[in-house]
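Quick notes on the structure that follows.
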There are 2 protein chains.
Amino acid sequence: MLNNKSMYAILGILSLSPSTGYDIKKYSDKVLSGFWNENFGHIYPTLKKMLEDGMIEIVYKEKNEKKIRYGITPKGKRELEAWFLEETMQQPIRSEFMLKLLFSSSQPRENVIRMLENYKERHEENIEKYLRMQEDLKQGIQEISKERFLFINAILRKGIISNEAVIHWCDETIEELQH
Amino acid sequence: MLNNKSMYAILGILSLSPSTGYDIKKYSDKVLSGFWNENFGHIYPTLKKMLEDGMIEIVYKEKNEKKIRYGITPKGKRELEAWFLEETMQQPIRSEFMLKLLFSSSQPRENVIRMLENYKERHEENIEKYLRMQEDLKQGIQEISKERFLFINAILRKGIISNEAVIHWCDETIEELQH
DNA sequence: TTATGGTATATCAGAGTGATATAGTTGTCA
DNA sequence: TGACAACTATATCACTCTGATATACCATAA
């Protein structure tokens with residue numbers, strides 16, 4: 001376990017409340033989606049290793065209960081704290097859309113424009129999702145601390161701002177391709 | 001070879017001119033950086049498979065020359081064309097910075113602000129890089145077709161617009177965290 | 001009652017990353 | 001001219017991550 005980033009996502013989630021692998025996936029899809037993703041094929045093996053390493057423990061398992069609920073251990077908390085102080089390196093990026101666009105100069109214009117319109121629509125949907133999440137956050141404000149509200153809201157604002165920029169770029173580029 | 005995206009990046013690059021594995025890496029780092037990355041550990045095995053599959057061929061190897069230069073074959077060109085027509089699915093995203101931020105609500109404020117300032121600086125550097133690339137593109141405009149200029153410029157504009165949005169968000173968020 | 005959908009765990013092949021090894025070539029500057 | 005640095009070039013490996021698939025249980029609605 002040297003450079004497994006999923007470990008930090010899992011530790012972060014478990015630091016909020018004990019969860020099953022399935023819960024972790026649900027949380028990723030719901031709250032982290034937009035900037036982080038996890039899948040079962042990685043969650044379960046990582047949980048197994050983290051258990052071996054003493055970062056997490058099985059906190060709740062009734063006799064006949066089949067689900068396995070994990071909680072963070074003091075060692076896991078220390079690991080999470082150390083991660084906050086570490087310098088964050090930039091991740092490798094891969095945008096298949098941009099790759100396709102770069103090599104599209106000899107494609108029919110209408111195909112490229114359709115591609116851009118499609119891309120724009122997806123980003124408009126993203127904004128709608130973020131706005132809904134912002135509404136939900138404001139509705140449920142009493143459930144979380146002011147601190148946490150500030151941070152979650154910052155993340156939602158980033159999603160909105162970034163997607164707006166892309167939409168603006170799509171409009172400009174479609175315009176330019178139409179002469 | 002079912003879902004290897006590097007294959008399309010390589011086909012795209014080879015459709016411009018025959019290249020060695022090293023050339024492909026250089027092109028990725030110089031032109032594609034910002035939205036696409038390749039590394040040797042994937043380029044060489046992929047080239048090997050693509051050669052087996054008849055997508056590419058060794059086009060130039062003098063008697064005593066040790067470097068292996070690859071060119072795209074008609075089959076490779078068809079594969080590339082088919083890719084343009086395919087729907088582009090969104091790629092999974094992983095921003096370690098955003099993950100860290102989400103779980104940072106109990107960290108000392110000054111640490112979080114330092115993190116954000118660092119993040120902002122990196123995006124300012126990105127913009128400078130894109131502006132330099134835009135200058136280089138304008139200087140060398142006679143070397144490439146008008147079509148290609150349009151597309152490369154669009155990509156650079158996207159880099160600039162997106163990074164500006166992030167910088168704006170950083171300013172807003174730092175402000176908010178300082179009360 | 002049967003099917004639909006959500007909960008829950010798990011495995012696997014293959015894609016992609018980052019580090020490292022090796023060796024030849026070119027440039028430079030002392 | 002010879003030594004050293006920097007670049008060119010190919011390759012492998014352990015590990016991370018993805019996406020598909022399999023299995024099975026449970027609730028509930030048609």
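By convention in this document, chain letters (A, B, ...) are assigned in the order of the sequence lines, proteins followed by strands, and residues within each chain are numbered from 1.
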I'd like to know if B:I13 and A:I93 are part of one continuous hydrophobic network [Ile/Leu/Val/Met/Phe/Trp/Tyr, side-chain heavy atoms within less than 4.5 Å].
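Each belongs to a different hydrophobic cluster.
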
Rounding to a whole Å, what distance do you find between [X]:[atom1] and [N]:[atom2]?
| X | N | atom1 | atom2 | result |
| --- | --- | --- | --- | --- |
| A:M50 | C:dT9 | CE | C1' | 17 Å |
| B:F40 | D:dT10 | CZ | P | 9 Å |
| B:I43 | C:dA19 | CD1 | P | 16 Å |
| A:N3 | D:dC13 | CG | C1' | 15 Å |
| B:E96 | C:dT17 | CD | P | 15 Å |
| A:Y22 | D:dT23 | OH | C1' | 14 Å |
| A:D29 | C:dA8 | CG | P | 14 Å |
| B:L51 | D:dT10 | CG | C1' | 14 Å |

At less than 4.0 Å, is any side-chain N or O atom of [X] found next to OP1 or OP2 of [N]? Yes or no.
| X | N | result |
| --- | --- | --- |
| B:K48 | D:dA11 | no |
| A:N39 | D:dT18 | yes |
| B:T46 | C:dA15 | no |

Describe the nucleic acid contact of A:G21 in one word from base, sugar-phosphate, nothing, applying a heavy-atom distance below 4.0 Å.
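Sugar-phosphate, backbone atoms only, no base.
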
Would you mind classifying the nucleic acid contact of B:K25 as base, sugar-phosphate or nothing, using non-hydrogen atoms under 4.0 angstrom?
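No contact.
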
Among [options], the nucleotide that comes nearest once only the side chain of [X] is considered:
| X | options | value |
| --- | --- | --- |
| A:N4 | C:dT9, C:dG16, D:dC17 | D:dC17 |
| B:N37 | C:dT17, D:dT16, D:dT10 | C:dT17 |
| A:Y44 | C:dA15, D:dT10, C:dT9 | C:dT9 |
| B:D23 | D:dT10, C:dA8, D:dA9 | D:dA9 |

Counting distance only, does the side-chain N/O of B:R157 pair as donor-acceptor with the main-chain N or O of A:E172 below 3.5 Å?
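No, the answer is negative, given that no donor and acceptor are paired below the 3.5 Å cut-off.
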
A:R69 side chain to A:S19 side chain, donor-acceptor N/O pair below 3.5 angstrom
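Absent: no donor and acceptor within the cut-off.
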
Look at B:R109 together with A:E147 and state whether they make a salt bridge at an N to O cut-off of under 4.0 Å.
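Salt bridge present between B:R109 and A:E147.
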
So, taking the atom named NZ in A:K120 and the one named CD in A:E125, what distance separates them when rounded to the nearest 0.5 Å?
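Nearest 0.5 Å value for the NZ-CD distance: 12.5 Å.
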
When you match B:H42 and A:S6 each to their closest nucleotide on DNA chain D, which lands nearer the 5' end?
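By nearest-heavy-atom nucleotide position, the 5'-most residue is B:H42.
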
